Amino acid sequence: MSTEHVAPRPSTSPHTGELAVENGWPQLRSERQWGAFTVFSTSIATAIATWCFIIGGFVSYYLTAVPGTMAIIAGSLIGMFFIVLALLPVCTKYGIDSVTSSRPQFGVRGSLLSVLIIFGTTLGWNLILFIFMGRATTSILRGFGITVPGWTTGAAGVLGILVVLAVLRGGPHKLRDLGPPIAALTLVFGVIVMVLLVHRIGISALLSAPAVAPSPDSHTNWASGLEVLIASNLSWWAYTGGIVRNSPSSRTSLWSIVVGLGLGVGAGSLAGFYAGLVIPGSGGDPTQFLVRVGGPAIGILLLLFIIIADLGTAMVGVYAAAIALRQVPGKLSTWSWQSSVILASLPAVVLVGFFPDVVFQHFSTFLSFLGVCFGPICGIQIVDFFLLRKQRLDVAALYDFSHTGAYRFWGGVNPVGFLAFAAGVATYLYLLDPVTYQSRVPFPYLTASLPAVVVSGLAYWAGAVLVLKPLGTGGYQARSIQTNPMEQ
């Protein structure tokens with residue numbers, strides 16, 4: 001056997017299931033202990049965080065209260081629809097994470113692209129969470145009349161990172177243990193914040209508030225509001241695999257994921273949306289005015305909500321990033337779990353501690369980056385798994401880096417996958433400038449993410465039919481449809 005071959009299940013012992021979770025190995029159904037409630041609670045704890053305020057704040061630039069509410073909910077479900085198709089069947093069927101699920105499309109070494117995207121995405125979201133935590137702490141302290149130095153924002157954010165590291169160093173099972181209580185507290189405080197917000201604003205003021213900076217074209221405004229939520233929920237590609245791989249079936253996870261991750265972001269974004277409408281200068285950030293308006297009691301409640309919600313989400317983000325890093329062939333895959341968690345968090349410590357304002361100011365560009373990357377990946381995976389591979393993979397080949405591996409392609413890289421990905425990215429960039437948010441979408445109500453999904457999927461299908469299958473590479477043969485123990 002080649003030394004490049006990596007066995008997915010090196011041993012069977014009482015600790016093998018936990019090692020599989022830490023290292024991204026496929027889990028047997030008997031080892032997957034997350035039921036529907038655990039998946040749902042983890043999803044809620046992940047979805048509802050202070051990033052929702054900023055996401056909703058962006059929608060307030062384009063739409064008023066009623067159409068904006070509809071666009072937020074619809075965009076959340078549309079984005080989640082593609083995530084469910086791309087990841088839920090394959091990850092629950094074989095007990096694998098998002099990075100491993102992309103190896104049949106990009107190659108066992110080409111899946112490094114997925115590692116980089118997941119690491120960049122989870123890092124970006126965590127930066128926003130910790131900076132928001134620092135900003136909220138500073139704002140609330142000032143609301144109490146306390147003078148705070150400029151470095152307080154970064155220091156409070158770094159403190160949050162250290163708390164996450166302290167929790168996760170005990171192992172990935174901490175997510176299962178802490179998910180339900182964090183989810184319950186997040187929901188309770190989230191409802192309180194929403195009620196207080198609407199009460200302080202007033203229904204009539206909310207319904208009559210104009211959009212902050214709408215386009216003259218109503219179709220463009222609607223498409224822009226949808227796109228913000230579609231792109232945001234497409235980013236769950238980085239998180240979903242790590243969550244549902246712990247569940248025994250798609251049926252167990254489906255509605256937990258759709259409601260928890262999909263509608264969770266939509267519902268959480270409404271607070272930021274409403275705040276952005278009635279306080280245009282807030283950008284959807286309620287910490288910038290609720291303490292002034294509501295006094296110390298609301299400030300304490302809001303700070304508790306932000307701390308609990310952000311820590312819960314950040315734990316899942318660091319976990320997903322650590323799992324992704326451990327899929328990189330070489331020394332990274334042999335590091336201890338604690339070392340992987342520290343490495344996944346180290347860039348956040350530097351950026352949050354020293355450059356919080358710069359990072360926060362560029363959040364809109366980062367948000368568009370999500371749609372650029374994850375829409376094309378979803379399109380490629382949906383076409384490959386359902387149309388080309390008929391929902392069957394060779395599990396051993398997912399971890400086989402030898403020259404005879406089914407997903408080796410050429411040097412471990414599938415150029416067809418990368419070209420299809422590039423076609424989807426180019427389509428998105430042509431239709432929507434991620435920096436200026438200027439749209440070229442030719443049809444009313446059409447967003448940039450949807451064409452990117454379709455174009456990348458069609459490009460991959462054409463490349464597989466015209467190139468990969470005739471050359472007999474990529475596992476599109478009998479061996480890719482053999483029965484695997486992960487399905488039993």
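Everything quoted here is computed from the prediction, not taken from an experiment.
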[X] side chain to [Y] backbone, donor-acceptor under 3.5 Å:
X: S256; Y: A36; value: yes
X: S101; Y: C91; value: no
X: T42; Y: V39; value: no
X: Y239; Y: A47; value: no
X: D400; Y: A396; value: no
X: S253; Y: S250; value: no
X: N233; Y: S76; value: yes
X: S456; Y: P376; value: yes
X: R245; Y: Q27; value: no

Non-hydrogen atoms of [X] and [Y] that approach each other most closely:
X: V164; Y: V318; answer: CG1-CG2, 4.0 Å
X: F421; Y: C373; answer: CE1-O, 3.4 Å
X: F106; Y: S111; answer: CB-N, 4.0 Å
X: P89; Y: V84; answer: CD-O, 3.1 Å
X: L234; Y: G79; answer: CD2-O, 3.8 Å
X: S235; Y: T121; answer: CB-CG2, 4.2 Å

[Y] and [X], any side-chain heavy atoms less than 4.5 Å apart:
X: Q381; Y: F82; result: no
X: L388; Y: V465; result: yes
X: F58; Y: S269; result: no
X: I78; Y: L450; result: yes
X: T100; Y: Y399; result: yes
X: W34; Y: T252; result: no

Euclidean distance, [Y] [atom2] relative to [X] [atom1], rounded to 0.5 Å:
X: L88; Y: I243; atom1: CG; atom2: CD1; answer: 11.0 Å
X: L393; Y: R103; atom1: CG; atom2: CZ; answer: 12.0 Å
X: R32; Y: S249; atom1: CZ; atom2: OG; answer: 9.0 Å
X: L229; Y: I73; atom1: CG; atom2: CD1; answer: 7.5 Å
X: Y94; Y: D394; atom1: OH; atom2: CG; answer: 8.5 Å
X: F386; Y: Q391; atom1: CZ; atom2: CD; answer: 5.0 Å

For D384, is there an ion pair with R389 - N to carboxylate O distance below 4.0 angstrom? yes
Test log, rule side chain to side chain contact (heavy atoms under 4.5 Å, CB included), inputs L351 and I131: CA-CA 9 Å; L351 293 172; I131 292 171; over 6 Å; no
Counting only heavy atoms not in F81, do more than 12 fall under 6.0 Å of its CZ? no
Do [X] and [Y] have side-chain atoms, one donor and one acceptor, less than 3.5 Å apart?
X: S247; Y: T92; answer: no
X: S402; Y: T404; answer: yes
X: S449; Y: E227; answer: yes

Going through the distances and angles, do S98 and I118 end up as a side chain to side chain contact (heavy atoms under 4.5 Å, CB included)? CA-CA 9 Å; S98 302; I118 287 180; 4.0 Å; yes
W236 vs V265, side chain to side chain contact (heavy atoms under 4.5 Å, CB included): CA-CA, chis, key distance, verdict: CA-CA 10 Å; W236 289 133; V265 169; 3.3 Å; yes
Let me see the working for I257 and I83 under side chain to side chain contact (heavy atoms under 4.5 Å, CB included), right down to the final yes or no. CA-CA 10 Å; I257 287 291; I83 295 298; 5.7 Å; no
Tell me which donor-acceptor pairs under 3.5 Å the side chains of residues 409-417 have, and how far apart each pair is, sequence neighbours excluded?
| unit_1 | atom_1 | unit_2 | atom_2 | d |
| --- | --- | --- | --- | --- |
| N414 | OD1 | V416 | N | 3.1 |
| N414 | ND2 | Q105 | O | 2.7 |
| N414 | ND2 | Y460 | OH | 3.3 |

